[in-house]
Amino acid sequence: MIENLVIVESPAKAKTIEQFLGKDFQVKSSMGHIRDLAKKNFGIDLENNFTPQYIIPEDKKKIVAELKKLVKNSKTVWLASDEDREGEAIAWHLSEVLNLNPENTRRIVFHEITKNAILESIKNFRSIDQHLVNAQQARRILDRIVGFELSPVLWKKVKPSLSAGRVQSVAVRLVVERERDIINFKPVSSFKVTAIFNSKNVSQQLRAEASKRFETVDGARKFLEQCKLSEFSVIDVTKKPTKKSPSPPFTTSTLQQEASRKLGYSVSQTMTVAQKLYEAGKITYMRTDSVNLSDTALDAAKKVITKEFGAQYVHIRQYKTKSKSAQEAHEAIRPTYLEKQDIQGNNSEKKLYELIWKRTIASQMSDAKLEKTTVTIDVSNATENFIAVGEVLNFDGFLKVYIESTDDDPEEETKGLLPPLKVADKLNYVNIDAVQKFTNSPPRYTEASLVKKLEELGIGRPSTYAPTISTIQNRGYVLKEDREGKERKCIALDLKDKTITEKVITEIFGKEKSKLFPDNIGMIVNDFLIEYFKNILDYNFTATIEKEFDDIASGKLDWTKMLDKFYNPFHKQVSNTLEVSERSKGERLLGNDPETGKPVFVRLGRYGALAQIGENSTDENTEKPKFASLLKGQNIETITLKEALALFRLPRNVGTFEDKEMVVAIGRFGPYIRHDSKFYSLKKNIDDPYTITAKRAIELIEAKREQDRNKVIQSFKEEPDLQVLNGRWGPYIAFKKNNYKIPKGKDPESLSLADCKKIIEEGDSKKKK
DNA sequence: CAGTGAGCGAGCTTCCGCTTGACTT
């Protein structure tokens, strides 16, 4: 007989808690929810007051069976799922499925895994809060209704297998709207004037910026002309103390952002690594919206900071969440043992742990104290001034450990210490330059900055951020891509030794790395949903219904009434859309083909975006339209007539070689030559598929053949499937579609067949692990 | 890998939030 059975959500948590509670308690985990709405037949009885049809998913049956057995032999069952809406529902589902007797069932909650918090919670047990459970059921059912009624509309009106939902569709909308802001963005330029000054009294040079930017090159030139004959003198020196405070400890979303900015991790990578650290007991739970730290952690932080940096660096604080949707069932993400500055593990685990350690420690350290100095310089012949700003760090405080990164590009120059100038000091210029600067379009989202935005809007939860980001990419709505920068010309004036020179400089702008771009299907789906379901795609939709869920939770609102009020108009909207809307292909007329005069369209086809010359027709006598696929990165929305027509110039026959035709085209992996049913890639940035000559094509073919000749290092008659090859990363063994690395110190040319087989065996056993 | 683009119809797709492994590269 078990005296006490405690059920929590996660096995790692179970392990920790068991240590705190002693022999009389056995702790088990439910692995999250144990029941969900049936997928078949909608899972909701709409005729019958939204009665949910719950089933136990296949992968949870084993756990449920195990729990049932344990419950039978337990005197008291403690339901210790998280203290939030979902956690309450898990407790309720457990009590229903396990047939728990209310008399020996106790609900307990704690939001930090410390001995005190758990012992305290045991003293303050309660029963299940049915209102909170109902709020969860309303949330679950509403999401099912929205998802399972909207998605089929898309299957009929856009393309099969697409999806829509309260969270993912807003995420796509954000990316689409941002892209349109960028497309429509018109950069404005102005001239930024920067001067380098000398002074007799000081050895250090002074860098200062004109108090205004000039709209035109003429304005800038006029100002430089005025500077040419001016005297410069200091008219004001202002010193102002400032401070910087540390950021709060990590939540899921801020961890994803910083790991993205500082370590270059994708959001799912961050979560996988964090999960490893959590399971190894190295950090607290990684899916949290709380910035709270337990008293135990604060004590430990104080000790660590005092020991490592001194008492003057300690500043213990409790942070408050800004996000309204936060449910705060856990602590912030922190090291379990703050004394451990580094850990054992692989490289990515070490790096992420270090980041969490620094952030946690910094959050409990003193403010950094700075002094900002502003020097104003008069220009005798002009109304504008020059202004120099410098900053001195008087006390580093938390900056000793951690500096938060930002998504904005670092346009502002590092401000250093200024020379000790005083009012009335005279200055001479070394040079003054005026450079044309362009305003930047709003930035494209990264995975992490999209999560940040969703969190601000209260959409999605820590456990769903990473899956949502994956879903919108898997559906093809959004692509994560790099883009090459483009060049643009900027005018630069320079005044030196009383002479103004003008030159044109080239700058690169718009270079993107791992940014989210909407694909054609994402834009089409978004526009369709915005047209017919604007209310659901509204950025405030989630916030509005969350208020109602809160009212259900506090017992002020009946959950079925709330659903009824939502469902009736929504369902009408769905049927109406099915009736009135056209099939959406995103078709756009670009103009006419100058050769034939026929219209040129772009639209979404069965296999992606395509360009089409000529109308579709059932008439046998009219010529069939011509088709060409759009290239990767080309958008229905932005492609020009010229670009579309160029697509039809390929495939192009460039001549014959060895009595076989050479055909140039662009495929999934870029431009290529097809010859004798073999493929040869064109060289990036060197060869142009539209102009490449037969001579050059033959050159490429022969170069590839030469490379292939050198590819085979060894082959064996006895085992034709096995070869020793020369690849991009050096020699390797190829065997039945698998590749194996050759261990260091072995000479690939003298390996025997037995040697190779041994390497393969070792490689296979490694994989199994 | 390197292609496709009509229409019909059967049977399938799909949501969000809680969890962890079982997969592949």
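Lettering of chains follows the sequences in order, A, B, ..., and the numbering in each one begins at 1.
By the 5.5 angstrom centroid cut-off and the 30-degree plane limit, A:F148 is classified as stacked against the base of B:dT14. Stacking of A:F679 onto the six-membered ring of B:dA2 is present: less than 5.5 angstrom between centres, less than 30° between planes.
Using a 4.0 Å heavy-atom distance criterion, A:R144 is classed as a base contact. The residue A:V146 sits apart from the nucleic acid: no heavy atom pair falls under 4.0 Å. No contact: A:Q612 has no heavy atom under 4.0 Å from any strand.
Within the structure, a side-chain polar atom (N or O) of A:S10 is placed less than 4.0 Å from OP1 or OP2 of B:dT20. Phosphate contact (OP1/OP2 of B:dT19, side-chain N/O of A:R287, threshold under 4.0 Å): present. Listed pair A:R475 / B:dT14 meets the phosphate criterion, a side-chain N or O lying under 4.0 Å from OP1 or OP2. Residue A:Y285 has a polar side-chain atom (N or O) positioned under 4.0 Å from OP1 or OP2 of B:dT19. For B:dC18, the OP1/OP2 oxygens have a side-chain nitrogen or oxygen of A:R461 closer than 4.0 Å. Here A:R674 reaches the OP1 or OP2 of B:dG3: one of its side-chain N or O atoms lies under 4.0 Å away. A close approach under 4.0 Å does not occur between any side-chain nitrogen or oxygen of A:Y278 and OP1 or OP2 of B:dT19. Between A:R85 and B:dC18, a side-chain N or O to OP1/OP2 separation shorter than 4.0 Å is absent.
To the nearest whole angstrom, the two C1' atoms, one in B:dT13 and one in B:dG9, are 16 Å apart.
A cation-pi arrangement is absent between A:R107 and A:W92 under the rule of less than 6.0 angstrom and at most 45 degrees off the ring axis.
The side chain of A:S629 has B:dG5 as its nearest neighbour among B:dG5, B:dT14, B:dC16.
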message: For DNA chain B, please output the secondary structure as dot-bracket, reading 5' to 3'. Pairs are Watson-Crick or G-U wobble, both atom distances under 3.5 Å; mark crossing pairs with [ ], other-strand partners with |, unpaired with a dot.
response: .........................
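With A:Q612 as reference, A:R603 is the one residue of A:E587, A:K598, A:R603 to meet the side chain to side chain donor-acceptor pair (under 3.5 Å) rule.
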